[in-house]
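Notes follow the structure.
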Protein chains: 2
Amino acid sequence: MKTSIKEVAKLAGVSVATVSHALNDTKPVRPETRKRVVDAVGKLNYQVNPMARNLRKGESKMVGFVVANLTNYYYHEISRGLEERLLKDGYRPVLIDSKEEKSIEIENVKDMLASSVDALVIAPTTEDCSYLNFLLQGRKKRIPIIFVDRKPTGYDSDLIMATNEHGAYEGVMHLLAKGHRQIAFFGSRFDPTMNERLKGYKRALTEYDVPVNQNYIKLGSKISVTPKELRHGSCYRHARDLLETHPEVTAIFSGNNLATIGVYTCIREKNLRVPEDIAFMTFDDSFWLTMTTPSISAIAQDPEEFGRMAGDIIFDRLKQDPEAEQQHLHIRVATKMILRESC
Amino acid sequence: MKTSIKEVAKLAGVSVATVSHALNDTKPVRPETRKRVVDAVGKLNYQVNPMARNLRKGESKMVGFVVANLTNYYYHEISRGLEERLLKDGYRPVLIDSKEEKSIEIENVKDMLASSVDALVIAPTTEDCSYLNFLLQGRKKRIPIIFVDRKPTGYDSDLIMATNEHGAYEGVMHLLAKGHRQIAFFGSRFDPTMNERLKGYKRALTEYDVPVNQNYIKLGSKISVTPKELRHGSCYRHARDLLETHPEVTAIFSGNNLATIGVYTCIREKNLRVPEDIAFMTFDDSFWLTMTTPSISAIAQDPEEFGRMAGDIIFDRLKQDPEAEQQHLHIRVATKMILRESC
DNA sequence: TCTAATTAGAAAAACGATTAACTTTGGAGA
DNA sequence: TCTCCAAAGTTAATCGTTTTTCTAATTAGA
């Protein structure tokens, strides 16, 4: 064990209460006494034991971040922003991966609640988050819960996500304006967010009176693997099938970064010229999209900003009276179309 | 607050001690009594409060992972492997970013020790880790400390890292075998690991009787930024300078993934043909190295495996008698050369 | 049948802080 | 001079567990 407040008290010749008050400024302490305490702290290299403090104060200074799929570096970026914001107030994020499995997600949330985190950020795997009602029942103190990236049903709370429908709409409109009419849509998996993007895709087509062809819409399986394995995952196979059976397709809109890895790998292996043979655009920006030849146009989000915003909301909520009826924030962050060489 | 062991005890009509013993199998409990306890637990949806338990037991079930630079997704991969291994035994990693700053690293380690983590994994920013001697002094119970990726001086402990010297040697030998003689070396920053790679580079040159030209060796600054910003960071500028002032250079060996982002961005912007105008090889493999045209050859490590190995060592150490004198493991994991189109 | 050993459970101490409730002292105001 | 209040401490309760120690009851051995 380390040195405790008791030994500090003994060395300083005061009671533990006085040490605590001196250190936390919770009660007036004579300058002379304070000096004795501070000296003792320095001499003993004392640091408070956070477990004892947290147990007593009923808090943990931890924020759980339950991530749908840590394979997706997109979430790491959110985490970066979140961490940056939390550390400013002495809080820490604790990540856990749901691997795109609802059952794991539920376990994760349960686990986090059991660890008595002070707030929870959830990037849900599925739409239905009603399990939260069950998990939270019977709790006296309610904790802030912020959803990011995907909008759940069955449980309402603060929410931060991109203008997915509009972003996809804008991207597909660009492809249409360039003259493309046979445009395919790929997604790494079907979830509420992907659905919004798909809607944007369809709306754009409809606006140009292009019929929606279900054969052009391909959604991958939800297994969670490393990015390297994604190169030849389900999106890769779907892309290969589509390009072989539907050579009339002239453009692809990829619904997210993971799908792009598979689809673009396929395009490369088939030695298709981009954008001449096939135009390409993706949702989500990444540093490597400028390393490809040609560089890849994208509908960009700012995930780090999502993380910082989530942190802001958490501290707002933490400051509020937990009993007060609260209006949930549903924040939509605008996407930005970044045109490069691929379309 | 949530329901505590007290209420379980009351409902089951036993003492808290009995509840604890029944739940932890630390003492024999009559089947009938146990059933009453289990029923009460179920009815109240009771879960132990980990802070109370940890306070009492003097452990935290957390492993601190102090990362040199979380911008580098390489460390996220280590973290993935580590988390996977730790979760199997009910432990959790807690990440913190040192942003390539020694002072931040020291604060982070101090912070982690104060949080009473049960073990520490450190990917150090600097060679000199003697500060640990100071931070650890006066602790009764010593905790396992595992270094990954970079070998420190001033404090000896378990260590896991790649065969950096050999990996770089092998890569540069390949370039030499292909006929290149003017080979540049880029690194994102100078640290012990980069130094090992640089040595491998030099040894290969020497073996071919090629003099080492200091003008061909460029090391970036150590600031920590996002991968997107890295595209035009110090490695980018160094590459631009070198390619303009030393057109005789025909091949580049990049010392790590971050440097590659900058260097390759420059190559692309200059519209140089790879490998005809300039051959390219990098240390560290990434999924996007096959998305570029041409695909990029790499000296691959398996960072996830590093994480798992670190976890294994931690549990070994935790099982050992902490007083026993221990032999520190210095594990070197072999790299693998993956040849693609860039050289 | 009596003693010793075993078993099952309860009581209480401990972990290391915070904090509410007391004590003591000194000074101000009437 | 007396009362009251504020300041600066101390004592003790508390958070929710685990674990040591204690007690009572049962069992085993002779």
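Convention: sequence-line order gives letters A, B, ...; per-chain numbering from 1. Because the structure is a prediction, the values reported are computed rather than measured.
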Residue mapping more 5' on DNA chain C - nearest nucleotide basis, A/H21 or B/P31: B/P31
Of D/dT10, C/dA8, C/dA17, the nucleotide closest to the side chain of A/T18 is D/dT10
Would you please classify the geometry between the B/Y74 ring and the B/F306 ring as parallel, tilted or perpendicular, with 30° and 60° separating the classes? perpendicular
Counting side-chain heavy atoms from CB outward, which of D/dA12, D/dT19, C/dG9 is closest to B/V29? C/dG9
Ignoring the backbone of B/A52, work out which of D/dT10, D/dT17, C/dG9 is nearest its side chain. D/dT17
Which whole-number value in Å describes the distance from B/K10 NZ to D/dG16 P? 13 Å
Using whole Å, what does the distance between atom P of nucleotide C/dA10 and atom NZ of B/K27 come to? 10 Å
Distance in angstrom units between A/D25 CG and C/dT19 C1', rounded: 15 Å
Looking only at the side chain of B/A17 (C-beta and beyond, no hydrogens), which of the listed nucleotides C/dA8, C/dA10, D/dT18 gets closest? C/dA10
Any donor-acceptor N/O pair under 3.5 Å between D/dT18 base and B/R56 side chain: yes
Between A/R36 (CZ) and D/dA8 (P), how many Å, whole number? 14 Å
Just to confirm, is there a sub-4.0 Å distance from OP1 or OP2 of C/dC15 to any side-chain nitrogen or oxygen of A/N49? no
Could you state the atom-to-atom distance from OH of B/Y46 to C1' of D/dT18 in whole Å? 10 Å
Is there side-chain contact between B/I331 and B/V333, with at least one heavy-atom pair below 4.5 Å? yes
Base, sugar-phosphate, or nothing for B/Q47, non-hydrogen atoms under 4.0 angstrom? sugar-phosphate
A/S15, nearest nucleotide to its side chain (from D/dT19, C/dT18, D/dT10): D/dT10
Without hydrogens or angle criteria, can the side chains of A/T125 and A/R150 be said to hold a donor-acceptor pair below 3.5 Å? no
Look at B/D312 together with B/R308 and state whether they make a salt bridge at an N to O cut-off of under 4.0 Å. no
Answer yes or no: are there more than 12 heavy-atom neighbours, outside A/K102 itself, under 6.0 Å from its atom NZ? yes
Contact class for B/S4 vs. all strands (heavy atom < 4.0 Å): base, sugar-phosphate, or nothing? sugar-phosphate
Starting from P on D/dG16, measure out to NZ on B/K6 and report it in whole angstrom. 7 Å
Is a donor-acceptor pair below 3.5 Å formed from side chain B/R53 to base D/dT17, judging by atom type as modelled? no
Tell me which nucleotide among C/dT19, C/dA10, D/dG16 gets nearest to the side chain of B/L55. D/dG16
d(CE, B/M51; P, D/dT17) in whole Å: 12 Å
Quickly work out the A/N54 CG to C/dA17 P distance and round it to whole Å. 11 Å
